[in-house]
Amino acid sequence: MPKTALITGISGQDGSYLAEFLLSKGYEVHGMKRRTSTKYSACIEHLKDQITLHDGDLLDSSSLIRVFEQTRPDEVYNLAAQSFVPLSWEQPIFTTEATGVGVARMLDAALHVDRNIRFYQASSSEMFGKVRETPQRETTPFHPRSPYGAAKAYGHHITVNYRESYDMFACSGILFNHESPRRGLEFVTRKISNGVARIHAGLDTELCLGNLDAKRDWGHARDYVRAMWMMLQQDKPDDYVVGTGEMHSVREFVEIAFDQVGLDWQKYVVVDPKFYRPAEVDQLLSDPTKAREKLGWEPRVTFEELVREMVDKDRAILSSKKPVGLKLKTA
Ligand code: NAP
Ligand code: GDD
């Protein structure tokens, strides 16, 4: 019997890579999406004949219970969230509801429909915020710096709590930043790769960014979804930090991205304070020792390969688009 998986947030970056990965392992894959979702549908367009989609919303418990009953999953991957940090200051209550309380709704639905479900929660390095130690590991205290980080910290704690209270197989993956050509255009890496492609194509003359000194531990999303699955295959549920163990600045990302098209970044990048945050996470660096030793997980894509792949892909996307306003020659 093939295993059945339910992925929330399947229309997002990670959801699409995880769906591909689970299909390759022979899973029957179900995805939950919001009825109003259109933005990211491109990420799963190529999978539409191999997966089953169900309407549901983290804000609506009854929809979650219905999706659990319809799909009867062996494994649930809760990837859905309001995931963009700056928006969390503009919509703190919605972010808390979706990214934080939504986790409790998911866990409770699982508990009531089938408490043997294996549950993965998409926790985040953003919980470490104003970091208490470097590198960060599973035992590092949290100090979130955004409503998003605070909501994720709640999601993390409630996952641990359901594991301890009800003996559920609930795992929390504390994932550091991971990117890909499927990343939303608002996140800094994709904003840069898309911006570089547009400048190189002569469509833009500058790229406006915020804090170039911020440092992140950036990996490739395809590597990270493998870690999610590995967590649910263990004998015991646990929490794991997942990252590369390397830290780079936004400036370094910019330098390599412009280098990929042979341009000098200093001629094009403009720092605009409107992209600064009310409270910044200055640096994040993982210690992924536990994931390496217990799961056997290691990242395969290097930072430089990631940056260059993203730029190349954005150039390919741009050149495959029909030029706007150009009339076809007719005979
Ligand atoms: P993403 O591309 O923004 O995808 C988020 C998904 O959540 C989208 O499919 C979105 O659907 C869905 N969603 C949002 N609000 C929802 C709601 N109320 N009900 C149901 N679905 C909702 O994010 P990602 O990069 O794939 O990240 C996946 C998860 O990992 C997120 O929880 C994120 O916070 C977490 N995480 C990400 C990273 C990273 O670096 N990528 C690191 C650590 C943790 P729509 O299409 O309807 O908007
Ligand atoms: N978005 C954005 N836009 N960020 C910028 C810009 C800009 O123009 N200029 C500089 N930055 C800096 C931000 O200040 C931040 O320090 C860093 O680039 C990364 O920003 P994002 O790419 O938006 O990601 P994030 O680190 O805030 O959050 C991502 O990673 C978390 C894991 O640590 C998201 O994927 C979260 O959902 C995830 O949990």
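Numbers for residues simply follow the sequence, beginning at 1. Each ligand, and each atom within it, is numbered from 1 in the order the structure gives.
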*Any N or O of Q82 closer than 3.5 Å to N or O of ligand 1*: no
*Atoms of ligand 1 less than 4.0 Å from N177 heavy atoms?*
40 (O)
*asked:* Less than 6.0 angstrom from the centroid, inside 45 degrees of the normal: does R222 satisfy that with respect to the ring of Y17?
replied: no
*asked:* Heavy atoms only: which of L64, L175, D217 lies closest to atom 43 (C) of ligand 1?
replied: L175
*4.0 Å heavy-atom contact, T8 with ligand 1*: no
_Sub-4.0 Å heavy-atom environment of ligand 2, residues by chain_ = S83, F84, V85, S124, S125, E126, Y148, N177, R183, E186, F187, V188, K191, L209, G210, N211, A214, R216, V250, F275, R277, E280, L284
*Y224 and W297: ring pair (Phe, Tyr, Trp, His ring centres under 6.0 Å), yes or no, with the steps?*
CA-CA 9 Å; Y224 287 47; W297 179 86; 5.4 Å; yes
*With a cut-off of 4.0 Å, which atoms of ligand 1 are near a heavy atom of S11?*
8 (C), 9 (O), 11 (O), 45 (P), 46 (O)
_Common cluster, F169/F68, ILVMFWY with side-chain heavy-atom separation under 4.5 Å_ = no
*Residue portion contacting ligand 1 (non-hydrogen atoms closer than 4.0 Å) for R183*: side chain
_Does any N or O of ligand 1 fall below 3.5 Å from an N or O anywhere on L59, backbone included?_
no
*asked:* Polar contacts were defined as any N/O atom of the residue lying under 3.5 Å from an N/O atom of the ligand; does this apply to G12 and ligand 1?
replied: yes
*asked:* So for ligand 1, is A81 a polar contact partner (N or O within less than 3.5 Å, distance only)?
replied: yes
_Flag side-chain contact, heavy atom, 4.5 Å: L232 against C171_ = yes
_Structural part of Y148 in contact with ligand 1, heavy atom criterion under 4.0 angstrom_ = side chain
*Polar proximity ligand 1 side, M32 side, N/O cut 3.5 Å exclusive*: no
*Purely on distance, is any nitrogen or oxygen of K152 under 3.5 Å from one on ligand 1?*
yes
*Identify which one of R163, K290, K294 satisfies the salt bridge (Lys or Arg N to Asp or Glu O under 4.0 Å) criterion when paired with D239.*
R163
_With the threshold set at under 4.0 angstrom, would you say S123 reaches ligand 1 through any of its heavy atoms?_
yes
*asked:* Going by the closest heavy atom to atom 24 (P) of ligand 1, which one wins out of L58, N78, D14, D60?
replied: D14
